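Report on the structure given below.
Residue indices begin at 1 and follow the sequence shown. Nothing here was measured: the structure is a model prediction, and the numbers come from that model.
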Amino acid sequence: MSSPTDFRFGVNMVVPHSRDEWVHKCRRAEQLGYDVIGVADHLGMAPPFPALVLAAENTERVRLNTFVLNVPFYNPVLLAREVAGTDRFVQGRLELGLGAGYVRAEFDTAGIPFGSGASRVEYVEQTVRTLRDLFADPGFGPQPARPGGPPLLIGGWGDRMLTLAARYASVVALTGAAATTAGGLRLAGPAEIDERVGFVRAALGERAAEVELNILVQSVVPAGKRAEFLDRYASAVAPEVLAAVDELPTVLLGGPREIADRLRANRERFGFGYITVLEPDMDTFAPVIAEFR
């Protein structure tokens with residue numbers, strides 16, 4: 001976990017190609033200074049656990065996380081085996097990220113009931129408890145690399161999921177966007193993010209000082225592409241949110257120093273010290289990391 005004066009930077013890999021390309025971009029992420037390599041869990045993307053083991057074989061220091069597992073896709077006992085075995089193979093570098101899933105089409109394709117939001121969150125909690133119980137059982141095998149298993153990151157936006165994250169996680173990951181009935185995401189404005197952070201802090205209570213807050217950055221925009229970005233998203237983002245784009249922790253605009261200053265301001269306002277960007281922005285964001293290092 002980072003100290004109060006440090007940031008952690010992660011990149012979430014979302015583009016599956018050849019083995020060689022996967023190895024190259026994982027090595028490059030480490031060389032660029034990222035602290036964490038994450039793997040998304042969606043149909044059509046790389047399988048998370050094999051991808052993380054391959055990343056571990058070709059890097060030295062980065063932590064490796066699932067960002068985040070679509071938990072309703074997994075049987076909890078079988079997932080415990082995958083998590084513990086992966087944690088051993090990556091020598092304790094695993095960070096386990098869990099989510100409730102939000103793309104109904106993926107559930108339909110997999111033949112898994114989508115259910116209600118409440119039922120999916122209940123399944124996540126059941127899974128967390130199963131993992132904790134099995135990892136505490138000396139008779140369970142394989143045992144994870146560390147007693148109790150890897151640190152837990154839980155991502156979400158709604159009350160139920162954030163309450164669950166506050167109860168169990170070492171990292172609470174806020175999406176900065178709410179799921180829509182169409183299976184997409186609606187970008188939240190700064191006031192809504194303020195409210196969600198306040199909700200999490202209240203739910204954390206005495207644990208607030210020991211739990212990291214993570215934010216997923218949807219886009220990193222160099223200064224010269226600001227107008228293009230605003231035009232492209234004019235019809236997809238609520239006007240009041242777009243008008244406050246310079247306050248959004250989910251959209252970072254400007255040069256490296258300007259963005260670094262924005263991250264410091266965001267940490268002061270929202271508490272986000274663990275920043276994750278998406279793979280397409282990996283190189284664009286790298287000079288920002290250099291500003292801190």
> Charged N to carboxylate O under 4.0 angstrom, Arg27 versus Glu60?
Replying inline: no
>> Side chains of Arg129 and Tyr168, heavy atoms from C-beta outward: is any pair under 4.5 Å?
In response: yes
> Is it true that atom CD of Glu240 has more than 12 heavy atoms of other residues, nucleotides or ligands lying nearer than 6.0 Å?
Replying inline: yes
>> Would Arg8 pass as a cation-pi partner of Tyr274, given that its NZ or CZ must be under 6.0 Å from the six-membered ring centre and within 45 degrees of the axis?
In response: yes
> Does a donor on one side chain sit under 3.5 Å from an acceptor on the other, for Thr130 and Thr127?
Replying inline: no
>> Checking Asn214 against Thr276: is there a side-chain donor and acceptor pair closer than 3.5 Å?
In response: yes
>> Please determine whether a side-chain nitrogen of the Lys or Arg among Asp283 and Arg28 lies less than 4.0 Å from a carboxylate oxygen of the Asp or Glu.
In response: yes
>> Please determine whether ring-ring contact (aromatic ring centres under 6.0 Å, His included) holds for the pair Phe107 and Phe73, giving the CA-CA distance in whole Å, both sets of side-chain angles, and the decisive distance to 0.1 Å.
In response: CA-CA 8 Å; Phe107 284 76; Phe73 281 3; 5.1 Å; yes
>> Donor-acceptor check, side chain of Arg63 to backbone of Glu95, threshold 3.5 angstrom: yes or no?
In response: no
> Tell me, do Thr175 and Leu216 make a side-chain contact under 4.5 Å, heavy atoms counted?
Replying inline: no
>> For a quick check under 3.5 Å, do Arg120 and Tyr102 share a side-chain donor-acceptor pair by atom type?
In response: no
> Taking atom CZ of Phe89 as the centre, does the number of heavy atoms from other residues, nucleotides or ligands within less than 6.0 Å exceed 12?
Replying inline: no
>> Would the distance check show the side chain of Glu212 and the main-chain N or O of Ser170 forming a donor-acceptor pair, the cut-off being under 3.5 Å?
In response: no
>> Within the supplied structure, the quantity of interest is the number of heavy atoms (other residues, nucleotides, ligands) at a distance under 6.0 Å from His42 NE2; does it exceed 12?
In response: yes
>> Salt bridge or not between Arg167 and Glu125? Use side-chain N to carboxylate O under 4.0 Å.
In response: yes
> Salt bridge between Arg269 and Glu247, side-chain N to carboxylate O under 4.0 Å?
Replying inline: yes
>> Quick one, Ile289 with Leu32, criterion side-chain contact (heavy atoms from CB on, under 4.5 Å). Give me CA distance, side-chain angles, the key distance, then yes/no.
In response: CA-CA 8 Å; Ile289 299 176; Leu32 290 172; 5.6 Å; no
> Can any side-chain N or O of Arg201 pair as donor or acceptor with the backbone N or O of Ala208 at less than 3.5 Å?
Replying inline: no
> Salt bridge check: are Lys25 and Glu30 linked by an N-O gap of less than 4.0 Å?
Replying inline: no
>> Any carboxylate oxygen within less than 4.0 angstrom of a Lys/Arg side-chain nitrogen, looking at Lys225 and Asp231?
In response: no
> Do Arg267's NZ or CZ and the ring of Phe7 fall within the cation-pi criteria of under 6.0 Å and 45°?
Replying inline: yes
> Does Arg196 make a cation-pi contact with Phe199, if we ask for NZ or CZ under 6.0 Å from the ring centre and within 45° of the axis?
Replying inline: yes
> Does any pair with a residue in residues 66-76 pass side-chain hydrogen bond (donor to acceptor under 3.5 Å, both in side chains), and if so which ones, sequence neighbours excluded?
Replying inline: Asp41-Tyr74
